[in-house]
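This report concerns only the one structure given below.
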Amino acid sequence: MVGVVGGSGIYDPSRLEGSAEETVQTPYGPVQVTTGFLEGGKVAFLARHGRAHSIPPHRVNYRANVWALRELGVSRVLATAAVGSLNPAFRPGEFVLPDQFLDFTRSRPGTFFDNEVVHTDFTQPYCPALRAALEGAAGEMGISLVNGGCYVGTEGPRFETPAEIAAYRKLGGDLVGMTGLPEVVLARELGLCYAAVAVVTNFAAGISPTSLSHQEVLDLMATQTGRVLDLLLKTAAGLPVDKKCRC
Ligand code: HPA
């Protein structure tokens with residue numbers, strides 16, 4: 001089964017057929033998931049910030065969310081994320097598939113391995129096969145997309161300072177967002193394939209000529225919601241049954 005994690009602006013699972021609401025109990029708390037069918041395949045949809053967009057990035061129960069997907073039988077996760085851009089080549093409205101991350105989150109439970117010594121390989125944090133599938137689907141749909149970029153995960157909920165953004169840029173960051181971590185880490189710890197479609201909503205602080213607002217992020221996302229969902233659902237429907245990656 002494919003899991004879809006909808007970030008800011010992506011809450012509506014209505015395109016699934018025969019959809020049903022489920023509350024999945026996990027060791028980290030209950031999670032509301034919508035399951036349904038897409039061209040015959042089963043999909044589980046989860047709104048990262050809750051249906052009413054009421055859970056801020058640093059309070060999202062990432063462990064419960066990822067555990068719930070695995071519990072339902074999900075083996076591949078397609079996520080969305082609104083991001084600011086540090087890279088002049090990635091303009092607002094652009095879709096980017098991160099292939100690396102820098103983790104600057106601070107206060108979030110970031111692992112399932114709290115009581116045993118497990119060191120998970122993160123040479124390829126985002127599944128290359130899922131990224132290729134997203135790139136292929138985007139090509140067929142005429143959606144321009146960049147496959148590769150370094151995602152910087154920040155703690156939020158405040159936006160960054162221009163000094164922080166300048167530092168992240170020097171470190172090799174291309175995109176900055178508050179929700180991509182530790183989600184990608186937790187998915188890998190459970191052996192799930194994970195890829196994220198980062199939607200650039202703004203240039204980051206100090207690069208943007210204006211101050212930043214949550215409203216501009218939501219406004220830009222609103223213009224892209226349909227395209228992102230189309231891309232995720234087309235990708236999900238076309239995934240081969242067999243996995244060839246090492247996630
Ligand atoms: N910074 C952090 N998170 C974000 C941004 C940003 O500029 N834009 C959208 N999510």
Side-chain angles (χ1 to χ4, degrees), residues 5-10 48 57-58 78-106 122-139 141-185 187-188 194-225 227-228 231-232 235:
V5 180
S8 294
I10 315 278
R48 185 188 286 127
H58 61 298
L78 299 172
T80 70
V83 294
S85 173
L86 284 61
N87 183 335
F90 299 162
R91 308 184 64 79
E94 184 98 62
F95 292 1
V96 184
L97 309 179
D99 63 346
Q100 287 291 319
F101 67 71
L102 292 165
D103 186 359
F104 284 94
T105 61
R106 282 195 286 256
F122 272 87
T123 306
Q124 289 198 309
Y126 299 89
C127 174
L130 277 190
R131 287 194 288 114
L134 283 162
E135 190 179 16
M141 299 167 80
I143 292 178
S144 98
L145 167 156
V146 178
N147 188 356
C150 181
Y151 179 100
V152 181
T154 58
E155 182 64 15
R158 67 170 175 83
F159 287 113
E160 302 71 35
T161 64
E164 287 170 325
I165 293 298
Y168 297 150
R169 183 74 188 133
K170 283 195 180 131
L171 292 176
D174 295 301
L175 310 161
V176 61
M178 304 176 195
T179 54
L181 286 151
E183 199 170 85
V184 55
V185 172
R188 173 58 49 83
Y194 182 98
V197 179
V199 180
V200 177
T201 56
N202 56 282
F203 280 116
I207 300 174
S208 169
T210 58
S211 54
L212 306 184
S213 73
H214 184 42
Q215 195 55 47
E216 77 176 288
V217 171
L218 295 179
D219 288 348
L220 191 295
M221 275 310 285
T223 68
Q224 301 301 324
T225 305
R227 287 171 83 218
V228 183
L231 174 60
L232 294 185
T235 305

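Both backbone and side-chain heavy atoms feed into the values below; hydrogens, waters and symmetry mates do not.
- Under the salt bridge (Lys or Arg N to Asp or Glu O under 4.0 Å) criterion, no residue pair touches residues 210-219, with sequence neighbours excluded.
- Residue Y194 comes nearest to A187 through the heavy atom pair CD1-CB, 3.7 Å, listed as atom of the first residue, atom of the second, then distance.
- Applying the ring pair (Phe, Tyr, Trp, His ring centres under 6.0 Å) criterion to H58, with sequence neighbours excluded, gives no partner residue.
- The two atoms that bring L231 and A138 nearest to each other are CD1-N, 3.6 Å, heavy atoms only.
- Here L97 contributes atom CG and L145 contributes atom CG; the two are 4.0 Å apart, rounded to the nearest 0.5 Å.
- The minimum heavy-atom distance between L220 and P92, with the atom names listed, is CD2-CB, 4.5 Å.
- Between F101 and Y126, the ring-plane angle classifies as perpendicular under the 30° and 60° cut-offs.
- Contact check for L78 versus V197: no side-chain heavy atoms found under the 4.5 Å cut-off.
- A distance of 9.0 Å separates OG1 in T154 from CZ in R106, rounded to the nearest 0.5 Å.
- Listed by first then second residue, pairs satisfying salt bridge (Lys or Arg N to Asp or Glu O under 4.0 Å) with a partner in residues 148-166 read R108-E155, R158-E164, not counting sequence neighbours.
- With a 4.5 Å cut-off on side-chain heavy atoms, V185 and F122 count as touching.
- Partners of R91 under the side-chain hydrogen bond (donor to acceptor under 3.5 Å, both in side chains) rule, at least two apart in sequence or in another chain, do not exist in this structure.
- Atom OG1 in T210 sits 6.5 Å away from atom CG in L212 (nearest 0.5 Å).
- Separating the OG1 atom in T201 from the CG atom in L218 is a distance of 9.0 Å, to the nearest 0.5 Å.
- The structure places CE of M221 at 5.5 Å from OG1 of T225, a figure rounded to the nearest 0.5 Å.
- For the pair F95 and S144, the minimum side-chain heavy-atom distance is 4.5 Å or more.
- With sequence neighbours left out, the side-chain hydrogen bond (donor to acceptor under 3.5 Å, both in side chains) criterion links N147 to R131, E135.
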Evaluate side chain to side chain contact (heavy atoms under 4.5 Å, CB included) for N202 paired with S208, printing each intermediate quantity in order. CA-CA 7 Å; N202 56 282; S208 169; 5.8 Å; no

Throw together a table of side-chain donor-acceptor distances under 3.5 angstrom for residues 166-175, partners on residues two or more places apart or in other chains.
{"from": "R169", "atom 1": "NE", "to": "L86", "atom 2": "O", "distance (Å)": "3.2"}
{"from": "R169", "atom 1": "NH1", "to": "G173", "atom 2": "O", "distance (Å)": "2.9"}
{"from": "R169", "atom 1": "NH1", "to": "D174", "atom 2": "OD1", "distance (Å)": "3.3"}
{"from": "D174", "atom 1": "OD1", "to": "N87", "atom 2": "ND2", "distance (Å)": "3.0"}
{"from": "D174", "atom 1": "OD2", "to": "C150", "atom 2": "N", "distance (Å)": "2.8"}

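- Listed here is the closest heavy atom pair of L232 and A79: CD2-O, 4.5 Å.
- Counting all heavy atoms, side chain and backbone alike, V184 lies closest to P125 at CG2-O, 3.4 Å.
- A pairwise comparison of heavy atoms in A82 and V217 identifies CB-CG1, 3.9 Å as the closest pair.
- With rounding to the nearest 0.5 Å, the separation of CD in E183 from OG1 in T105 is 12.0 Å.
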